[in-house]
Amino acid sequence: MPARPAAAERARRIREERAAQRGRLLPQQRRVEEKRARRTARRSARKSAKSARKAARPVDRRFRVRRRVALTLLVLVLLSALGVGSWLLLARSGLADVETVEVTGTLTVSRDAVLGAAAVETGGPLVEVDTKAVAGRVARLPGVASVQVSRGWPHTVEIAVVERTAVALARTPQGVTLVDATGVAYQKAPEVPPALPMLGFGAVGPDDPSTRAALAVLEALPPDLRGQVTTIDVDNAATEPTVRLGLGERQVLFGSTERADRKIAVLVPLLTQEGSVYDVSSPELPTVTR
């Protein structure tokens, strides 16, 4: 009988201790739950703000686009107004009228011929000068390779000419004619022609296969050897042009324009030998005929 009250007392103490422990744990659990609730509330607030930004973004983008377009149009209008005002000032005020026409780069081409072809009237507004049209007219002069026309503010039209340079001669219906490096027979040679190679074939021109082959070989020659060439003939023009060079009483069978550098390297020492015909058309087997 005495043991039962002791056991009951022990059970009661255990229940009390567990109740005390539960009492101590409840504040901690409440704090955890409060933290969890605050985190959930912050996540909800962030999601709501993000959704609000997304909803407002298209409106903001449209506003920015409209503002950018409006600013661009305003700038264009201002620039147009400024351009029109400047043009009216230059064209109608007389402050920038043409007073002089300057020509540079002419040696063999007459300056008067350039001025005549340019046909620029003095006294008119410099801004109204059609520089492209002036350049086109001057470029048609026989000895002109290229030309640039520009405005030299406030009163000058500037014409810069690049003349053609003769590298060969050709016989044409007009007589002996100068030929430039592009194959253009552009101007009748003077009564005493310059010491240039004579092209010994007709139909000289930039698109002529014989002309292209002859001038390609001539350009590849070293200057001292080029100066010795008196005639250039071309055979087999319809198939594969083969070039023959006349060096006074000597003749060089150069062949096609292929491997020109190799052929020239063989030809230069070969010409130190006595002979009348030097064949380098096959540079691996050059021959000299005496």
Side-chain angles (χ1 to χ4, degrees), residues 97-124 126 129-208 210-232 234 243 245-248 260 264:
D97 288 346
V98 178
E99 295 182 1
T100 58
V101 181
E102 291 184 356
V103 178
T104 58
T106 54
L107 293 174
T108 60
V109 178
S110 166
R111 179 178 182 275
D112 291 338
V114 173
L115 291 174
V120 176
E121 296 183 1
T122 58
L126 181 60
V129 174
D130 189 341
T131 55
K132 289 184 179 179
V134 174
R137 292 193 293 269
V138 175
R140 287 195 286 270
L141 292 174
V144 174
S146 63
V147 60
Q148 285 189 335
V149 180
S150 58
R151 300 180 182 90
W153 299 100
H155 303 296
T156 306
V157 175
E158 300 171 348
I159 303 175
V161 172
V162 177
E163 296 184 341
R164 296 186 187 276
T165 301
V167 298
L169 304 171
R171 289 186 174 88
T172 68
Q174 290 75 36
V176 177
T177 305
L178 302 176
V179 180
D180 72 357
T182 66
V184 175
Y186 62 93
Q187 183 174 302
K188 187 176 179 179
E191 187 174 348
V192 180
L196 295 172
M198 179 67 73
L199 303 179
F201 48 87
V204 173
D207 299 325
D208 175 54
S210 297
T211 304
R212 289 200 299 265
L215 296 182
V217 172
L218 184 63
E219 184 179 5
L221 296 175
D224 55 344
L225 181 54
R226 189 186 308 138
Q228 301 177 42
V229 178
T230 56
T231 61
I232 307 177
V234 178
V243 179
L245 305 175
L247 284 71
I264 293 170

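Count residues from 1 along the sequence.
Contact record, Ala181 with Leu215: O-CD1, 3.7 Å, taken as the closest heavy-atom pair. Scanning both residues, Val176 and Met198, for their nearest heavy atoms gives CG1-CE, 4.1 Å. Minimum interatomic distance between Gly248 and Thr230 (heavy atoms only, all atoms of both residues): N-OG1, 3.4 Å. Smallest separation of non-hydrogen atoms from Pro197 and Leu218: CG-CD1, 3.9 Å. The shortest heavy-atom contact between Ala189 and Leu178 is CB-CD2, 3.8 Å. When all heavy atoms of Ala160 and Thr104 are compared, the closest pair comes out as CA-OG1, 3.5 Å.
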Might you work through the side chain to side chain contact (heavy atoms under 4.5 Å, CB included) test for Val120 and Val98, ending with a clear yes or no?
CA-CA 9 Å; Val120 176; Val98 178; 4.2 Å; yes

Quick one: do Phe201 and Thr211 satisfy side chain to side chain contact (heavy atoms under 4.5 Å, CB included)? Show the steps, please.
CA-CA 8 Å; Phe201 48 87; Thr211 304; 3.5 Å; yes

Show your working on side chain to side chain contact (heavy atoms under 4.5 Å, CB included) between Gln228 and Leu221 and close with a plain yes or no.
CA-CA 10 Å; Gln228 301 177 42; Leu221 296 175; over 6 Å; no

Take Val114 and Thr106, measure what side chain to side chain contact (heavy atoms under 4.5 Å, CB included) needs, and give me the verdict at the end.
CA-CA 9 Å; Val114 173; Thr106 54; 4.0 Å; yes

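In this structure, the side chain to side chain donor-acceptor pair (under 3.5 Å) partners of Thr177, at least two apart in sequence or on a different chain, are Thr172.
The CD1 atom of Ile232 lies 10.0 Å from the CG atom of Leu169; values are rounded to the nearest 0.5 Å. If you take CD on Gln148 and OG1 on Thr131, they are separated by 10.5 Å, rounding to the nearest 0.5 Å. Atoms CG and CZ, from Leu247 and Arg226 in turn, are 12.5 Å apart once rounded to the nearest 0.5 Å. Summarising the geometry, atom OG1 belonging to Thr156 is positioned 7.5 Å from atom CG belonging to Leu126; distances are rounded to the nearest 0.5 Å. For the atom pair CD1 (Ile159) and CG (Leu115), the distance works out to 6.0 Å, reported to the nearest 0.5 Å. We find the CZ-CD distance between Arg111 and Glu102 to be 8.5 Å, quoted to the nearest 0.5 Å.
In this structure the side chain of Val134 reaches within 4.5 angstrom of the side chain of Val129, judged on heavy atoms.
Identified under the salt bridge (Lys or Arg N to Asp or Glu O under 4.0 Å) test for residues 159-172, with sequence neighbours left out: Arg164-Asp180.
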